2 protein chains.
Amino acid sequence: MTVSLRELRALPGFSDKLLTDGCPTRVVLDHVTSKWGVLVLLALSDGTHRWGELRRAVDGISEKMLAQTLRILEADGLVLRDARPTIPPHVEYSLTASGRELVGRMLPLVEWVARNATRMLARETEAAAAS
Amino acid sequence: MTVSLRELRALPGFSDKLLTDGCPTRVVLDHVTSKWGVLVLLALSDGTHRWGELRRAVDGISEKMLAQTLRILEADGLVLRDARPTIPPHVEYSLTASGRELVGRMLPLVEWVARNATRMLARETEAAAAS
DNA sequence: CTGTATCCGATGGGATACTG
DNA sequence: CAGTATCCCATCGGATACAG
C-alpha cells in the first residue's frame, strides 16, 4: 500500500500547488492531525469509551478541548456519539466505519514516531550541548 | 503492516494513559502533524527542493512559518539543509533517511483524507441546512 | 456523570521591512 | 535568493464555575 506524491496529484485539492489553501482535504487534515484529534482518535481505536474514560486516557486534555475535539470529529463523520437518556447521563463514543479506516492509516505513523522519538530528541540536546 | 493500540502500549510514552503529557513521542508528533509540518514533509517527498520552490508549493505559508517549520524538522533529523556558499545563495532541502521512513507512513493517511474529505464536509453543510 | 459558559493568558502565525 | 526581525492580532486552549 505504498503511495507516492505523483499519484496523489490526481486527487481533489492537488494541483501544481500541493493542496490549495482552505480546500476540503486541508480542513479535514487539520482536524485529524490536530494536537488532540490524533490522541482522541487513537484512544477510540480499541473500542467504545465513555466521556470520563477519554478524559483520563488522553493525558492533559481539558474538558473544553475534549468536547470541542469530539464535536468536530463527530461532524466529520469519524466518531459516533451515543447518549443514553438516563440519570445520571451515560454517553459512549466510538469510531464510525470511516473513523476506523482513518485510524488504520494513522497507527503506523504513530508507531514509527513512538519508536524513534526518543532518539530524535536526543540528537537535539546533544547538538545544544555542543554549542 | 497493520498495528493495533494494544501493540503500541509496549512502546515508550505509553502507559495506562495513552501518551503522557510532554513525552518525546508527543513532542515529535506535534512537530510532524502540525499544520505546516505535514505539508512541508509532503512537498519534500518527491525529492530535493529549494526554499523558493517550497514557498510556492505550500500554498499560503508565510516566510516566517516556512523558516520555523524547516528548522524544527531539521532539528528532529527529518530534513536535511544543504547551503552552497555562493552569491546569490543557493539552499536545498531534502528528506533524511528518517524523513523518508516517516513520510512513507504519512502518505497513506493523506491519501485517504484526500479521497474522502469532500464527501465528509458535504455531510456537514447538509446537516447545517437541516437545522 | 456529562457536559456548557465565561474569562483570560499564551501561542500561533500573518504583514511588513530589512539584510548578506 | 534566502532568509531575519519586528510588530501585532487572532485563535488556541487552560482554569474555573456552573447546569441538567
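Below, each value reflects all heavy atoms present in this structure, side chains not excepted, and no hydrogens, waters or symmetry copies. Every chain is numbered from 1, with letters handed out A, B, ... down the list of sequences. Quick caveat, the model's predicted, so the values are computed rather than measured.
- Rounded to whole angstrom, the span from the CG atom of L54(B) across to the C1' atom of dG3(D) amounts to 13 Å.
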Please set out all donor-acceptor pairs under 3.5 angstrom arising from side-chain atoms of residues 19-30 of chain A, sequence neighbours excluded.
{"unit_1": "D21(A)", "atom_1": "OD1", "unit_2": "R26(A)", "atom_2": "NH1", "d": "3.3"}
{"unit_1": "R26(A)", "atom_1": "NE", "unit_2": "L19(A)", "atom_2": "O", "d": "3.2"}
{"unit_1": "R26(A)", "atom_1": "NH1", "unit_2": "D59(B)", "atom_2": "O", "d": "3.0"}
{"unit_1": "R26(A)", "atom_1": "NH2", "unit_2": "L19(A)", "atom_2": "O", "d": "2.7"}
{"unit_1": "R26(A)", "atom_1": "NH2", "unit_2": "D59(B)", "atom_2": "O", "d": "2.8"}

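- When the side chains of ILVMFWY residues are joined at heavy-atom separations under 4.5 Å, either directly or via intervening members, V91(A) and I72(A) end up in two distinct hydrophobic clusters.
- Atom-to-atom, CG of D82(B) to P of dC1(D) comes out at 18 Å; the value is rounded to the nearest Å.
- Distance, M65(A) CE to dT11(D) C1': 10 Å, rounded to whole Å.
- Between Q68(A) and W51(B), the one whose closest nucleotide on DNA chain D sits nearer the 5' end is W51(B).
- In this structure, the CD1 atom of I87(A) is 17 Å from the P atom of dA19(D), given to the nearest Å.
- Distances shown here put every side-chain N or O of Y93(B) at or beyond 4.0 Å from the OP1 or OP2 atom of dC1(D).
- Rounded to the nearest 0.5 Å, atoms CG (L70(B)) and CD1 (I61(B)) are 7.5 Å apart.
- Without hydrogens or angle criteria, R105(B) side chain to E101(B) main chain gives a donor-acceptor distance under 3.5 Å.
- In this structure, CZ of R81(B) is placed 8 Å from C1' of dG3(D), rounded to the nearest angstrom.
- In terms of position on DNA chain D, the residue among E63(A) and V91(B) whose nearest nucleotide sits closer to the 5' end is V91(B).
- In terms of modelled atom types and a separation under 3.5 Å, the side chain of S34(B) and the main chain of H31(B) share a donor-acceptor contact.
- Along DNA chain C, read 5' to 3', the first and last nucleotides having any atom under 4.0 Å from a heavy atom of chain B are dG13(C) to dG20(C).
- Between R71(A) and K64(A), the residue whose closest nucleotide on DNA chain C is further toward the 5' end is R71(A).
- Applying the side chain to side chain contact (heavy atoms under 4.5 Å, CB included) test between V103(A) and each of L44(A), V110(A), L41(A) identifies L41(A) as the sole match.
- Residue order along DNA chain C, read from the 5' end via each residue's closest nucleotide, puts P88(A) first among P88(A) and A67(A).
- Here dG3(D) presents its P atom at 12 Å from CD of E92(B), a figure rounded to the nearest Å.
- Summarising the geometry, the separation between NZ on K35(B) and P on dC12(D) is reported as 10 Å, rounded to the nearest angstrom.
- Just one of R84(B), R81(B), R50(B) meets the salt bridge (charged side-chain N to carboxylate O under 4.0 Å, His left out) condition when paired with E92(B); it is R84(B).
- In terms of phosphate contacts, R50(B) brings no side-chain nitrogen or oxygen within less than 4.0 Å of OP1 or OP2 of dC1(D).
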